[in-house]
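Below, each value reflects all heavy atoms present in this structure, side chains not excepted, and no hydrogens, waters or symmetry copies. Quick note on labels: first sequence line is chain A, next is B, and so on, each numbered from 1.
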Amino acid sequence: MKPIQKILIANRGEIAVRVIRTAKKMGIKTVAVYSDPDAHSLFVQSADEAFSLGGTDARSSYLDVEKVIQACLETGADAVHPGYGFLSENTDFAKKLEKHGIRFIGPKPHAIEAMGDKIGSRMLVAKSGVPVVPGYEGASQEMSVFKKEAEKIGYPIMAKASAGGGGKGMRRIDTPEELEPGILSAKREALSAFGDDRILLEKYIINPRHVEFQIFGDTKGNIIHLHERDCSLQRRHQKVVEETPAPNYNSELKSKMSDAAVMAAKAVQYEGAGTVEFILGGSGEFYFLEMNTRLQVEHPVTEMTTGLDLVEWQIRVCQGESLPQIKTPPQKGHAMEVRIYAEDPKEGFLPSTGRIHHLSFPTRDYLRIDSGVVSGSEITMFYDPMIAKLIVWGEDRITAINRLIECLSETIVFGPKTNLQFLQRLVSTKEFAEGNVSTHFIADNEPELLSDKTKEELKLALAGAFFTSKEPNNPWVKETT
Amino acid sequence: MDYLFETKNGLVSVYVSGSSVRVRMGTNSNSFQLEDLIKMEHRSLDTNSLQSVTMKDGSVLKYLKVRNEIFFHWKGEIWSGKLAERSYEGAGQTSPEIKSPMPGKVVQISTEVGKEHKQGETLLILEAMKMENAVKAPYPCRVEEIRKLQGDLVQQDEVLIILHRIDSEKT
């Protein structure tokens, strides 16, 4: 297969910048596509060529399959890197590119399709022997059937509205005695919330952790894992902190889970980068959640501990090369990533938009910053308000934590509100240091994680003091309008 | 200098006089002495870098002023103070500051610190455009602070007097 000459990055922000970096290193030309609000963004400037998609919101730009394909044809790109989000798991897009003879840097459409279906993918991997969360989703709503199924699943269980969402119609049931009243009550709530009282049962996992495996496959049928990532610190199912290796994670469990992850990938003859996500219970039981058929936001922690460039691997595999290594390489040290968002933690984490008057990070050889914005950039309401990913490496976990705290405290974002202080509090907790957090940790500890050290009165006193101090003679303060 | 900052809990007045700063939030008042906090200011001529200040405890505080807003980074925390739009509230006002409704001259001060007033009683008289204007108590109050002397010239919106509201059931 002919090597790739020119990659179009069908994405924006930090991931576009990151893909361009590797392509340049490999001597491959790059094309950025952009919407109107992104016209002056860092990723547009970083690419060799830039193509305007027009439009403002994602739907009229980055999600518009026809526009992106048109951009490929006009710029002569022979491959597309989709990044994450947007069109990265869109089979229609992948198929259309194939028809035009343009390579999609990602798995084959059939694999995307099979893994894109949450229920279908669980059934598929279960056939290969990968454990999935035990449950009952049958047609019969007879109490006797529920009783029998609940025994099979084992308590505690969760009764959920089939039509559900948002926590409505959900009941945790710990004992057989609670089953009937619990189901009846969930049914009543489901009926009034969704007009549908069907209930399904699922095993309830106490203190669940989120542990995922980086998977890589090539066109020759080799599939390996590149270790795990623990992403248990989440807020409303959004990952907040990611790390590798997972804390308190013995090698026996790791070997069982990595085997299952590779098995899941083999079930769809997976090619390229993918991630198999698991939920891990307190007593070491684990279940397949889903497989993401793309590069993950948190891939840098894997790179920091293995020394690999996963984007380079993606490109090589896409060119038909074998995996550069067909055995899992060893990991060195510990890496952690946090996602810095323009959001106001004190206002329910609402996105905070506006101009970034000043953005600066500390410089350390163990620190990696993946960012798509600079001082003067604008955070708009059109896209994800991520400012940067901050990734640190340490010889061991506690060193990595201390470095992370230090780097976060030295990071400055003036303009939109950010989660910087919240992240510092979070990674400074005793529970996190002990590796003792579940996916519920943030929700259970929000008030403490949102507290300030500096008193409001002092903040305002300083604001007044420094507004005054140089008022008449401050030619050196730059107006960043 | 007098500043009015917008905060989540409403407007907060900050009065800076020399090295002392008084912050009023609602009915609470806090005073700070800047020399207790700040060790040294570094004047940077580099337009791209932030202004920085070494604090008494050795920590470094950095700040940036952008129009009517000032941003701070100190000990890993970031905050900003945004100056409020000028408010021209007259009768029915609830804030503790009594401001000059117009440029003029204070011709008479009819009260003293600690004195209590009913709503509508005259606090001072301001002369503007050759006319005398009585500035009256907008609510039952006790005088906390008088910022001006008889004969002072004042600009519009300068704080003249600071009041402490007295709840009617207590009087």
Side-chain angles (χ1 to χ4, degrees), chain A residues 340 344-347 352 354-360 362 375-376 405-425 427-428 451-481, chain B residues 1-9 11-25 28-34 37-38 41 43-51 53 55 59-83:
Chain A
I340 300 170
D344 189 352
K346 289 186 177 136
E347 294 291 335
S352 175
R355 181 178 297 262
I356 299 175
H357 300 298
H358 177 90
L359 172 66
S360 59
S375 293
I405 296 168
E406 184 183 281
C407 290
L408 278 170
S409 76
E410 291 178 32
T411 299
I412 305 180
V413 183
F414 285 165
K417 298 232 173 7
T418 71
N419 61 347
L420 269 170
Q421 189 181 316
F422 168 77
L423 291 172
Q424 279 178 69
R425 290 276 181 289
V427 299
S428 305
S451 65
D452 294 335
K453 276 184 297 196
T454 310
K455 287 219 162 52
E456 191 68 14
E457 296 80 16
L458 180 56
K459 288 182 179 181
L460 287 156
L462 290 165
F466 288 104
F467 237 116
T468 320
S469 65
K470 309 294 173 350
E471 191 89 81
N473 58 336
N474 61 342
W476 53 81
V477 174
K478 192 184 168 194
E479 283 251 316
T480 48
T481 45
Chain B
M1 283 295 282
D2 248 301
Y3 295 99
L4 204 53
F5 287 104
E6 277 174 11
T7 74
K8 252 193 347 201
N9 307 315
L11 297 177
V12 173
S13 120
V14 178
Y15 177 65
V16 185
S17 161
S19 66
S20 84
V21 183
R22 170 178 273 189
V23 178
R24 257 169 207 288
M25 307 177 78
N28 295 322
S29 171
N30 286 277
S31 289
F32 299 89
Q33 289 300 317
L34 292 179
L37 295 166
I38 298 167
E41 277 193 58
R43 300 198 169 195
S44 164
L45 293 170
D46 178 358
T47 51
N48 288 317
S49 75
L50 305 174
Q51 300 299 308
V53 176
M55 305 298 274
S59 59
V60 173
L61 173 142
K62 294 183 176 174
Y63 69 95
L64 177 71
K65 222 160 82 173
V66 184
R67 292 185 303 279
N68 63 337
E69 206 167 2
I70 185 163
F71 295 90
F72 290 92
H73 178 262
W74 187 36
K75 296 180 176 176
E77 297 194 340
I78 291 173
W79 73 91
S80 67
K82 190 175 182 187
L83 290 183

Against chain B, label [X] side chain, backbone, both or neither, depending on which of its atoms sit under 4.5 Å from a heavy atom there.
{"X": "A:T418", "result": "neither"}
{"X": "A:L420", "result": "side chain"}
{"X": "A:I405", "result": "neither"}
{"X": "A:E406", "result": "neither"}
{"X": "A:E410", "result": "backbone"}

For [X] versus [Y], what's the shortest heavy-atom pair and its separation?
{"X": "B:G81", "Y": "A:A463", "result": "CA-CB, 4.4 Å"}
{"X": "A:I412", "Y": "B:I78", "result": "CA-CD1, 4.1 Å"}
{"X": "A:K453", "Y": "B:K75", "result": "NZ-O, 3.5 Å"}
{"X": "A:G464", "Y": "B:Y3", "result": "O-CE1, 3.6 Å"}

Original post:
Taking only heavy atoms into account, what residues of residues 14-22 of chain B are found under 4.5 Å from chain A?
Top reply: B:V14, B:V16, B:V21
Original post:
Around B:K62, counting heavy atoms of other residues, nucleotides and ligands shown, do more than 12 lie under 6.0 Å from its NZ?
Top reply: no
Nearest 0.5 angstrom please: [X] [atom1] to [Y] [atom2], how far?
{"X": "A:E457", "Y": "B:S29", "atom1": "CD", "atom2": "OG", "result": "10.0 Å"}
{"X": "A:H358", "Y": "B:L50", "atom1": "NE2", "atom2": "CG", "result": "4.0 Å"}
{"X": "B:W79", "Y": "A:Q421", "atom1": "CH2", "atom2": "CD", "result": "9.5 Å"}

Subject >> Parallel, tilted or perpendicular, as decided by the 30° and 60° cut-offs, for the rings of B:F71 and A:F414 >> reply: parallel
Subject >> Main-chain N/O of A:S409 paired with B:H73 side-chain donor or acceptor, under 3.5 Å >> reply: yes
Original post:
Only one of B:N30, B:V23, B:L37 forms a side chain to side chain contact (heavy atoms under 4.5 Å, CB included) with A:L458, so which one is it?
Top reply: B:L37
**OP:** Applying side chain to side chain contact (heavy atoms under 4.5 Å, CB included) between A:L462 and each of B:Y63, B:F72, B:F32, report the one that passes.
**Re:** B:F72
Original post:
For B:V53, is it the side chain, the backbone, both, or neither that has a heavy atom closer than 4.5 Å to a heavy atom of chain A?
Top reply: side chain
